[in-house]
Amino acid sequence: MKKTNWYFLLPVLACAFLPGRSQGQAKPAADLVITNAKVWTGDKSLPIAQAVAVLGDRIVAVGSNAAADAWRGPNTKVIDAGGKLLLPGFNDAHVHFVSGGQQLDNVQLNDATSPQEFARRIVERVKITPKGEWILGGNWDETKWNPPNMPTKDLIDAATPDTPVFVSRYDGHMGLANSVALRLAGITAKTPDPPGGQIVRDAKGNPTGALKDAATDYIDKVIPELTHDQRMQVVKRALAHAASLGVTSVQHMEAGYADIAVYSELLRRGELTTRIYAAPLITHVDDHAKIGIGRAFGGPYLRIGALKAYADGSLGSGTAYFYEPFLNQGNNRGLLSDEMQPISLMRDRMMKADEASLQICTHAIGDEGISTILDLYTDVIRAHGDADRRFRIEHAQHMAAKDFERFAQLHVIASVQPYHAIDDGRFAEDHIGHDRASRTYAFRTFLDHGVRLAFGTDWEVAPLNPLLGVYAAVTRATLDGKNPNGWFPEQKLTVAEAVEAYTMGSAYAEFQEKEKGSITPGKLADMVLLSDDIFSIVPTKIHDAQVLKTIVGGRVVWDASTSTRERSQ
Ligand SMILES: [Zn+2]
């Protein structure tokens, strides 16, 4: 793979513009020219163009075929786009990149449509799993079963006497452990529920195997960590998967230090093909404050300087934190996370993070969870004064009507995942009723209030494919087919708004809007060539469009005509 590095090119460029040029030296030739494309630039000063020229890892010209041709030299690689649509590369503002990569190899339970099928797939997996090795992942979804009862360990215990199993619910806020896993974790009828978590129990008080939120920590502690080499393999798979989907940047929420070490090694080798902004948990704030590195520190391929925090759980697990109870769940109105117990603990950490100029990205889903985080953000801003901090709320799923205005005033970014809207839209009204559901993933209302949107997927919770996200934001057609004209259709976005949220919006959310997010001279040459013009085809076909080429920093990292596709989730 050709490795081009802008910094090495700088001296060359400088020479080209020195007096030597008047002695007949030509301007440097482009390394790559893409001609005959329909370029949707995302740049208001030139929204549509025909061609792009790239020098090193940067875009140097955008315009007509003739304008780009002027940059051609004998060694310029030329891509004839054949009239296809060229977009800025997609930037996924919220992924769990390593667990996503792992999920590509794990047992697949998401499309299991009955508890029997769920159990059958785990039993099949046991047969090819060495004794004692864990079976993990899965992303099961009991709402696809009839009746939609949470699974229990009884489904799988008989077939897994020597194999620890801990398979996750697709939202990541719940998992099912078999008896071997419970034993290894020391969970018995006597184990108390931890703050911010729940051990689900049967009528006799015995654990059913289902563990919610902080209770999953008991199991996480006994699952062996990936070795560095295993993690490296997982990340390589994730990078290949991202490239195949036109994802040129990701923002890794909850990145572990071991993950960053792998990214850093790949960076040194010139093998990162996706740009990464890594946000470790805010529980590590002291480490980051000590180093003294602030928001968006690093280089074009790897940055740190953001911290991920948790306010609450999820809608489907009944742990998102609401002002009013869930319907049909007694008095349950969700759980504040363990990081919020007490709330002053979170406030102290946020103050520390902000003092150290670190960006804060907080997961908040229920209306009271979101509201409480806005209160805390207000406290931080009052204490430290105005600054360009770009606080984020991840998911911002169920808004209280009173909070849209406040969101805008505090300049908080709504980092949202449109796929969740068509997924949770299947059952949200059953859980919280019509009124609260009307402010669920309220993308239009956010934009109307002047709130900036950043789009992402939450992979491995949802598929990494950005075209599914664009499709979801534009159609709001729930996955169960029950809302073909859109679930709360007044919240639909246009294709252009959705693509912008997935490119410029996400770039802004990581302080990189001057470096990427649009096809503009001077910016990094991150682009994706699609098989179809998603602006003109019927919206229901958007997710059928294929990624023909993915270009990162001028390098073609995915070419549909020559690359083999990773099995998609
Ligand atoms: Zn997430």
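Numbering of ligands and ligand atoms starts at 1, following listing order. Here the structure is a predicted model, which is why all the values come from computation and not from measurement.
Between the side chains of His363 and His395, a donor-acceptor pair is found at a separation under 3.5 Å.
Annotation: protein N, O or S atoms under 2.8 Å of the Zn ion (ligand 1) (waters excluded) comprise His94 NE2, His96 NE2, Asp458 OD1.
Here the rule is side chain to side chain contact (heavy atoms under 4.5 Å, CB included) with Phe166, and of Leu136, Val222, Leu184 only Leu136 fits it. With Gln251 as reference, Arg392 is the one residue of Arg392, Glu394, His94, Lys308 to meet the side chain to side chain donor-acceptor pair (under 3.5 Å) rule.
Judged as a salt bridge (Lys or Arg N to Asp or Glu O under 4.0 Å), and not counting sequence neighbours, the contacts of Arg275 are Asp526. Every residue two or more places apart in sequence or in another chain was checked for a side chain to side chain donor-acceptor pair (under 3.5 Å) with Tyr419, and none qualifies.
Sorted by first then second residue, the side chain to side chain donor-acceptor pair (under 3.5 Å) pairs that include residues 214-226, not counting sequence neighbours, are Glu225-Arg231.
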